Amino acid sequence: MPSDFIRDIINEHNKTERFGGRVHTRFPPEPNGYLHIGHAKSVCLNFGIAAEYKGLCNLRFDDTNPAKEEVEYVESIIEDVRWLGFDWQDRLFYASDYFEQMYDYAMQLIKAGKAYVDDSSADEIRESRGTLTQPGKESPYRNRTVEENLDLFQRMRAGEFEDGSRVLRAKIDMASPNLNMRDPVMYRILHAEHHRTGSKWCIYPMYDWAHGLEDSIERITHSICTLEFEDHRPLYDWFLDELGVYHPQQIEFARLNLTYTIMSKRNLRQLVEKSDVRGWDDPRMPTVSGLRRRGYTPESIRTFAERIGIAKTDSTIEVALLEHCIREDLNKRAPRVMAVLHPLRIVIDNYREGKIEEMEAVNNPEDPGMGTHKVPFSRVLYIEQDDFMERPPKEFFRLAPGREVRLRYAYIIKCVSVVNDKAGKAVELHCTYDPETRSGEAGSSRKVKGTIHWVSAEHALKAEVRIYDRLFTVENPGDVADVETVLNPHSLQTVTGYLEPSLKSATPGGKYQFERLGYFCVDAKDSSPEKLVFNRTVTLRDTWAKIAKKL
RNA sequence: UGCCGAGUGGUGUAGUGGUAGCACACAGGACUUUGGAUCCUAUGGCCCGGGUUCGAGUCCCGGCUCGGCAGCCA
């Protein structure tokens, strides 16, 4: 069980019986965009804590702003939370289900002389709010009678007034050093169609007013949110105390930041709208749907969420940790296959034309229980262009003129000649094989420096392979004024890959390790049996790349 | 220069008065029919200054730095 300041607080509450030993959290997204990895952190935290303490966690849509919210988003959020592996049973709630009760509570506050209808314009309210260093000024409407406020508020609800003409405000303290306490707006008039309540309402509650009530109504014990709401906690507490209702504890933690990644919904939406990516679920997006399509597993994301920890310090996690988590998971479960993405044709001169052998390949060296499968071998093969160099440095131990290398699960071959094109680029290799060295047989114990992967040209399956790189060229794209300027133009490279024939039966979402290259998955949207499409999830650790870089 | 909050290796995160630990990254090595995986080893840290104490990352005081807040967004 992880240890962090939130669990410390819960342990303390359990000790003092503040909530009678109960633990009940909630994940409260606003349905105005797709969930991203930062939300996943919160989902794992809230549902994870509930599970650890044998408590409950609700899924609740904070749908108080009809102007920005859509059912498409609620559907995607439900799918994503479920995919991450969490269950809210029958506790799927919507803030909009509580509108009537919130209205009653507002009437109660008005009757207590703690809220008033303000006829000021938005501009006037902003100007009278004061500044960070100067107190605000009280509204001329602040001291209306309770009767007048009641009447006006009822008429606001009845639709008698235009958008923006009036608001309901809490009467707190215009001189408070905490701006949130300077008579915050509780309701605004919005004649807008709500995705659930239709046109039933034309006044909508503001976050600060609504959120605590939602938590209170659901008997939440620990209302976990991000740091920027720290200043709002006094207001959260004020509303609940003035109403005298059940009062959860709000706790704030630092949101997730990732290197080379943007997390704000605004920026993510911009990428989608400007077609910098192919939608919210583009595999380059840090959205849960993007990661899923990219080939990330729920387990890897949960592990990641656990490893990054929970704290109040603003921090930025290196994206390498996320990549480590998916490699670690896929290493244990992904079957190994061979695929050549940048083919170089080789002919084994001394291998009889038309001869075909079935080589036995291990499905996963980490798990012998996964068995083996056959791969056809023949005279003409493809190997990776990177696995051959005409003038290799001494650190390179793959194929080169006159050098030997092992073909994975097959024979040791030697390169005897190179065919170059006009530009001098190697386009075909002629090799000989050593018949004594077939994998698994007596002579196969002979050692050579390198082993490379291959596919038989005549048996190869062609597929579209999408190779992804980071979306941004800088570590902190979120700090840049316009993210368009730091987009990586090479974040997607599409190639035709040559795959071993066993992949014929690959189904959408299927995850594989292409030996020596990385983990790849069948694209869930664009792949079909006629035209397979693979996404590269993540590369394997590449020691050679590091060496080559230093040369 | 208002209010709130945060400062522990490169990046994160533990440590609640008693040997500063873990993960990732990085460097080296072992092993290897994936330059994968695995294993081993190394480098590297308590923002600063005072104070309390036998003893301070931890408690106190004073600084410094960074983040958040002036939507009828959440």
Side-chain angles (χ1 to χ4, degrees), chain A residues 2-4 8 28-30 32 62 64-65 67-68 118 120-122 125-127 129-136 163-169 176-182 184-190 203-204 206-208 210-211 225-234 252 254 259 265 306-325 327-328 331-332 336 338 362 364-366 395-398 405-410 412 437 439-440 444-453 513-518 539-548:
Chain A
S3 156
D4 55 63
D8 288 346
E30 183 192 12
N32 69 341
D62 204 2
T64 57
N65 186 355
K68 295 186 173 178
D118 194 335
S120 306
S121 68
I125 288 179
R126 176 164 23 81
E127 280 157 24
R129 187 153 30 226
T131 68
L132 294 177
T133 52
Q134 290 171 305
D163 286 5
S165 59
R166 273 172 243 260
V167 291
L168 181 70
R169 289 228 258 173
S176 173
N178 180 343
L179 299 243
N180 297 121
M181 302 299 271
R182 318 241 262 225
V185 172
M186 295 165 62
Y187 276 95
R188 73 281 214 188
I189 301 172
L190 238 40
I203 57 172
Y204 289 91
M206 297 288 289
Y207 170 87
D208 286 309
H211 205 87
C225 59
T226 44
L227 248 30
E228 67 270 27
F229 293 103
E230 216 155 11
D231 289 338
H232 296 240
R233 181 160 21 96
E252 313 83 18
T259 55
K265 283 189 199 170
E306 202 172 296
R307 293 207 182 147
I308 59 180
I310 299 295
K312 299 194 71 157
T313 321
D314 283 305
S315 60
T316 302
I317 308 293
E318 290 175 344
V319 72
L321 179 58
L322 214 211
E323 294 175 345
H324 167 80
C325 291
R327 283 193 192 104
E328 181 181 56
N331 177 49
K332 286 181 303 197
R336 271 59 170 173
M338 291 195 284
V362 171
N364 188 338
E366 302 295 314
E395 293 85 353
F396 183 86
F397 39 85
R398 276 115 91 148
V405 79
R406 171 169 292 281
L407 293 178
R408 179 84 159 147
Y409 298 124
I412 289 173
T437 57
S439 287
S444 73
S445 57
R446 183 150 81 82
K447 302 288 180 217
V448 285
K449 208 77 159 114
T451 299
I452 65 174
H453 62 277
Q513 182 194 106
F514 288 0
E515 290 219 28
R516 302 206 309 131
L517 296 176
T539 60
L540 252 24
R541 275 186 61 218
D542 190 348
T543 306
W544 164 243
K546 282 179 193 168
I547 297 167

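Everything numeric here is computed off the predicted structure, so don't read it as measured data. Proteins come first, then strands; the chains are lettered A, B, ... in the order of their sequence lines, and each starts at number 1.
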Please state how far atom [atom1] in [X] lies from atom [atom2] in [N], giving the value in whole angstrom units.
X: A/Asp4; N: B/rG21; atom1: CG; atom2: C1'; value: 17 Å
X: A/Asp118; N: B/rC72; atom1: CG; atom2: C1'; value: 11 Å
X: A/Arg541; N: B/rU34; atom1: CZ; atom2: P; value: 15 Å
X: A/Leu540; N: B/rU34; atom1: CG; atom2: P; value: 12 Å
X: A/Ile308; N: B/rA14; atom1: CD1; atom2: P; value: 11 Å
X: A/Ile452; N: B/rG36; atom1: CD1; atom2: C1'; value: 16 Å
X: A/Arg327; N: B/rU38; atom1: CZ; atom2: C1'; value: 15 Å
X: A/His232; N: B/rG68; atom1: NE2; atom2: C1'; value: 9 Å

Assuming nearest nucleotide by heavy-atom distance, tell me which of A/His324 and A/Gln513 is located more 5' along RNA chain B.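 Whichever sits nearer the 5' end wins; that is A/His324.
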
A/Arg188 side chain near B/rA74 phosphate (N/O to OP1/OP2, under 4.0 Å):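 Yes.
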
Ignoring backbone atoms, test whether A/Ser3 places a side-chain nitrogen or oxygen under 4.0 Å from the OP1 or OP2 oxygen of B/rG15.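 Indeed, a polar side-chain atom of A/Ser3 lies that close.
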
How would you label the glycosidic angle of B/rG71: syn (within 90° of 0) or anti?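 The base of B/rG71 is oriented syn (glycosidic angle within 90° of 0).
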
When you measure from the side chain of [X] to the backbone of [Y], do you find a donor-acceptor pair of N or O atoms at a distance under 3.5 Å?
X: A/Thr451; Y: A/Arg406; answer: no
X: A/Ser176; Y: A/Asn178; answer: yes
X: A/Asp314; Y: A/Ala254; answer: no

For [N], give its Watson-Crick or G-U wobble partner with both distances under 3.5 Å, or none.
N: B/rC39; value: B/rG29
N: B/rC72; value: none
N: B/rC22; value: B/rG12
N: B/rC64; value: B/rG7

Side chain of A/Phe229 only, please: which of B/rA23, B/rG36, B/rA74 is the nearest?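 That would be B/rA74.
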
Are A/Arg541 and A/Lys546 side-chain neighbours, meaning at least one heavy-atom pair lies under 4.5 Å?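 A/Arg541 vs A/Lys546: side chains touch.
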
A side-chain contact here means heavy atoms from C-beta on lying under 4.5 Å apart; do A/Glu515 and A/Tyr409 qualify?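 They are in contact (side-chain heavy atoms under 4.5 Å apart), so the answer is yes.
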
No-H, no-angle donor-acceptor pair, [X] side chain to [N] base, under 3.5 Å:
X: A/Glu318; N: B/rG12; answer: no
X: A/Arg398; N: B/rG35; answer: yes
X: A/Arg406; N: B/rU33; answer: yes
X: A/Glu366; N: B/rG36; answer: yes
X: A/Thr316; N: B/rU11; answer: no
X: A/Arg336; N: B/rU34; answer: yes

Going by centres under 5.5 angstrom and planes under 30 degrees, do the aromatic ring of A/Tyr207 and the base ring of B/rA74 stack?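 No, aromatic ring not over the base.
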
Sugar-phosphate, base or nothing in reach of [X], heavy atoms under 4.0 Å:
X: A/Thr64; result: sugar-phosphate
X: A/Gln134; result: nothing
X: A/Ser445; result: nothing
X: A/Asp231; result: base
X: A/Ser439; result: base

Euclidean distance, A/Lys447 NZ relative to A/Ile412 CD1, rounded to 0.5 Å: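 The CD1 atom of A/Ile412 sits 9.0 Å away from the NZ atom of A/Lys447.
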
Do the side-chain N and O atoms of A/Ser120 and A/Asp118 include a donor-acceptor pair separated by under 3.5 angstrom?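 A/Asp118 and A/Ser120 do have a side-chain donor-acceptor pair below 3.5 Å.
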
